[in-house]
Every structure is written in C-alpha cells, then in structure tokens.
*Asks:* 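Here it is, the structure, as structure tokens.
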Amino acid sequence: MGPTLPEGSVHDVNLTDQFGLGDIIVFPDPKDSSRLLVKRLLRSEDKGLFVIGDNVRNSRDSRHFGLIDPASVIGKIEICRFPKFVNSTSTK
C-alpha cells in the first residue's frame, strides 16, 4: 500500500489525547526527537502503542523502534489538505 498522506501535503492536527485504533497520529520520532512522525495506530498494549506506516515496505515504525508512549502523542490527523503548491515562474 502506498502512502496515505503525500509527502509535502498539509494537514490539520487535532491536538488531543483522545485517539483510537486506526487513527493517524503525530508523535516525536523515538530515535530523533527533533522530527515528528505520522503513523497509523494499529494496536494499544499495556506497555504502549504499536504504530505502523501505511506504506509498509518503506516505513520506519514500531517494527523498528518498538512501542511508543501514549503520552508522547501530540494529536491525530483530522484533515489532509492538498499537497503544497509550488509556484514556478516561467520565462518568456
């Protein structure tokens, strides 16, 4: 399956601690806290959340870094807007 959210697209994030299985959530990268990751919540366990990318073959997710702390979730994606428009100028 390919990516659900195109690279460079703009999203509305609902800053909430209320999320459920199947939601697309935003959280700091467990390996690099300066980056944010966007993944789908696949399951909730006693010790944390298991997240997976929709583009499974090219995703770095809980299969690589383990469960994430529910308290680290910033929010969930509510709306995916169109990819950013790049304004190119033409020469005549």
Side-chain angles (χ1 to χ4, degrees):
M1 183 175 189
T4 300
L5 306 172
E7 187 173 336
S9 59
V10 178
H11 317 286
D12 287 348
V13 178
N14 181 359
L15 304 177
T16 181
D17 59 359
Q18 302 296 313
F19 44 85
L21 300 181
D23 285 345
I24 300 174
I25 59 174
V26 180
F27 58 94
D29 185 333
K31 302 293 184 187
D32 178 3
S33 62
S34 68
R35 293 175 27 129
L36 294 177
L37 296 180
V38 177
K39 305 292 176 189
R40 189 172 301 276
L41 177 56
L42 188 63
R43 67 179 183 263
S44 178
E45 300 181 6
D46 290 339
K47 297 181 180 181
L49 304 175
F50 188 91
V51 295
I52 195 162
D54 287 347
N55 189 2
V56 176
R57 292 179 191 217
N58 295 316
S59 179
R60 196 171 60 79
D61 48 43
S62 286
R63 297 169 299 161
H64 303 94
F65 50 71
L67 301 175
I68 65 164
D69 182 352
S72 71
V73 176
I74 296 168
K76 64 182 179 178
I77 299 289
E78 293 290 338
I79 298 172
C80 175
R81 304 202 183 274
F82 293 103
K84 288 189 235 176
F85 176 73
V86 177
N87 187 6
S88 61
T89 57
S90 60
T91 58
K92 290 186 180 183

*Asks:* For Gly48 and Pro70, which heavy atoms make the closest approach, and how far apart are they?
*Replies:* CA-CD, 4.2 Å

*Asks:* Heavy atoms only: give me the nearest Lys39-Ser59 pair and the separation to one decimal.
*Replies:* NZ-OG, 3.1 Å

*Asks:* Is a side-chain donor or acceptor of Arg40 paired with a backbone partner of Asp54 at a separation under 3.5 angstrom?
*Replies:* no

*Asks:* Are any of the side-chain heavy atoms of Leu49 and Leu67 separated by less than 4.5 Å?
*Replies:* no

*Asks:* Test side-chain contact (heavy atoms from CB on, under 4.5 Å) on Ile77 and Val26; report intermediate values, then the result.
*Replies:* CA-CA 7 Å; Ile77 299 289; Val26 180; 3.8 Å; yes

*Asks:* Which atoms form the tightest heavy-atom contact between Leu41 and Phe19, and what is the distance?
*Replies:* CD2-CD1, 3.7 Å

*Asks:* Taking the side chain as every heavy atom from C-beta outward, state whether Val73 and Asp17 have any atom pair closer than 4.5 Å.
*Replies:* no

*Asks:* Checking Leu42 against Leu21 for the side-chain contact (heavy atoms from CB on, under 4.5 Å) test, could you report, in this order, the C-alpha distance in whole Å, the side-chain angles of both residues, the deciding distance, and whether it holds?
*Replies:* CA-CA 6 Å; Leu42 188 63; Leu21 300 181; over 6 Å; no

*Asks:* Would you name the heavy atoms of Val38 and Ile24 that are closest together and state the gap between them?
*Replies:* CG1-CG2, 3.3 Å

*Asks:* Do Asp23 side-chain atoms and Gly20 backbone N/O form a donor-acceptor pair below 3.5 Å?
*Replies:* yes

*Asks:* Determine the minimum heavy-atom distance between Leu37 and Pro30, stating which atoms define it.
*Replies:* CD1-CD, 4.0 Å

*Asks:* Looking at Phe50, is its backbone amide N or carbonyl O close enough to the side chain of Ser62 to form a donor-acceptor pair, meaning the two atoms are under 3.5 Å apart?
*Replies:* no

*Asks:* Do Asp29 and Leu36 have side chains that get closer than 4.5 Å, going by heavy atoms?
*Replies:* no

*Asks:* Does a side-chain N-to-carboxylate-O contact under 4.0 Å join Arg63 and Asp61?
*Replies:* yes

*Asks:* Do you know the tightest heavy-atom contact between Ser72 and Phe27?
*Replies:* O-CB, 3.8 Å

*Asks:* Ignoring hydrogens and angles, state whether a donor on the side chain of Lys76 or Thr16 is under 3.5 Å from an acceptor on the partner side chain.
*Replies:* no

*Asks:* Taking side chain as C-beta onward, heavy atoms only, is Lys31 less than 4.5 Å from His64?
*Replies:* no

